[in-house]
2 protein chains.
Amino acid sequence: MPTREEFARQLREAQLRVTRPRLAVMAAVHDHPHADTDTIIRAVRKSLGEVSHQAVYDVLHALTDAGLLRRIQPLGSVARYETRVGDNHHHVVCRSCGAIADVDCAVGPAPCLTAADDHGYVIDEAEVIYWGYCPRCREASS
Amino acid sequence: MPTREEFARQLREAQLRVTRPRLAVMAAVHDHPHADTDTIIRAVRKSLGEVSHQAVYDVLHALTDAGLLRRIQPLGSVARYETRVGDNHHHVVCRSCGAIADVDCAVGPAPCLTAADDHGYVIDEAEVIYWGYCPRCREASS
DNA sequence: CCCCAAACTTGAATCATTCAAGAAAATTCG
DNA sequence: CGAATTTTCTTGAATGATTCAAGTTTGGGG
């Protein structure tokens, strides 16, 4: 996993101040891929002691706006975050337990798909969510 | 647009009772593609008089579970519904104003895409959201 | 026409997220 | 190095979509 210095460098490059909560959030999201806000808050408190939930929300927004984090939100789920950005990869979501896994882009570089009729929209990204059942749930229900 | 009888038939085929709120919700969603719940509630009240918001939520869930409606929820938006179901089409969302337009599937029948590595998941649907800017916002910002 | 499960009404509760105002900390510049 | 300035964090309350719960009404089979 990236070092503390690596995270700090990313923050500076994005014109953001380097603070303990921000470093902790970066580490937490890195360690818990696709984690929801509550999980991230708990992880951050585990490493720093008490931190306000508002601070975590602020940090998640700032880092997302800066492009250091990516926010995803499958139907019926709260917001989730991941550190893997800039490679336009996608996600598989289990309909049963909600587990999420990364999937590489199926058709090349972003935007990796071309709409049949774009209605005049200028498209710059195609976000794909695959729905199905994860190995564990499939086994449990058979 | 489908007739009242057409909607009633769809409800019966789905083993659901035919009620005025349900017919009104079907018509409202049909008339307001991609509308959020609040818009639907207002449209229903316009045609039926006072109807509890809870009834509309119940109906939307029942119809969605029955496959008569499809629920979509782009990042940062509340739940939206549409009557076009079963054809695995996708959506273009404007990053600026949030306008949504339908887009036919680029690669054939569902699931229209193949994941590079499915991690053992059994995938039955690929949901695609194209992000970009609609003609109006593009013009307004130039 | 009667019955009863399914639907609807009313009213309160939940919970993720946001708002607001002041305190604390991180860069900048002297 | 130390004060000034601005960003970030804390505290505490508010918002708003959605859900829960209990009781009433209604659709449609018998």
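So that the names make sense, note that chain A is the first sequence line, chain B the second, and so on, each numbered from 1.
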So does B:Thr19 get a side-chain nitrogen or oxygen closer than 4.0 Å to the phosphate oxygens (OP1/OP2) of D:dT26?
->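 Looking at the OP1 and OP2 atoms of D:dT26, neither is under 4.0 Å from any side-chain N or O of B:Thr19.
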
Are A:His61 and C:dT17 close enough that a side-chain N or O sits under 4.0 Å from OP1 or OP2?
->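 Result: no.
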
Using whole Å, report how far [atom1] of [X] lies from [atom2] of [N].
X	N	atom1	atom2	result
B:Arg12	D:dG28	CZ	C1'	10 Å
A:Leu48	D:dT8	CG	P	17 Å
B:Gln15	D:dG27	CD	P	19 Å
A:Arg20	D:dT10	CZ	P	11 Å
A:Arg45	D:dC9	CZ	P	14 Å
A:Glu50	D:dT11	CD	C1'	11 Å
A:Leu11	C:dA26	CG	C1'	12 Å
A:Arg17	D:dT6	CZ	P	10 Å

Taking the nucleotide of DNA chain D with the closest heavy atom to each, which residue, B:Thr37 or B:Leu16, is nearer the 5' end?
->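 Closer to the 5' end of DNA chain D: B:Thr37.
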
Please figure out whether B:Val18 or B:Gln54 has its closest DNA chain D nucleotide nearer the 5' end.
->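 Nearest nucleotide further toward 5': that of B:Gln54.
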
Check every strand shown and say whether A:Ala62 touches a base, only sugar-phosphate, or nothing at a heavy-atom separation below 4.0 Å.
->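 Result for A:Ala62 = nothing.
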
When you measure from the side chain of A:Thr64 to the backbone N and O of A:Leu60, does any donor-acceptor pair fall under 3.5 Å?
->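 A pair under 3.5 Å: yes.
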
Is a salt bridge present between A:Glu5 and A:Arg12, judged by a nitrogen-to-oxygen distance below 4.0 Å?
->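 No, this pair does not count.
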
With respect to the side chain of [X], which nucleotide from [options] is positioned closest?
X	options	value
A:Tyr57	D:dT10, C:dT17, D:dA17	C:dT17
B:Ser52	C:dT17, C:dT10, D:dC9	C:dT10
A:Pro21	D:dA17, C:dG11, D:dC9	D:dC9

Kindly indicate whether the side chain of A:Arg22 and the base of D:dT8 share any N or O donor-acceptor pair separated by less than 3.5 Å?
->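 A donor-acceptor contact between them is absent.
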
For residues B:His91 and B:His89, establish whether the separation of their ring centroids is below 6.0 Å.
->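 Under 6.0 Å, so yes.
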
Given side-chain contact (heavy atoms from CB on, under 4.5 Å), test A:Glu127 with B:Tyr130 step by step and report yes or no.
-> CA-CA 6 Å; A:Glu127 175 186 356; B:Tyr130 296 96; over 6 Å; no

Heavy-atom side-chain proximity of B:Leu68 to B:Leu11 below 4.5 angstrom |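 Counting from C-beta outward, B:Leu68 and B:Leu11 do come under 4.5 Å.
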
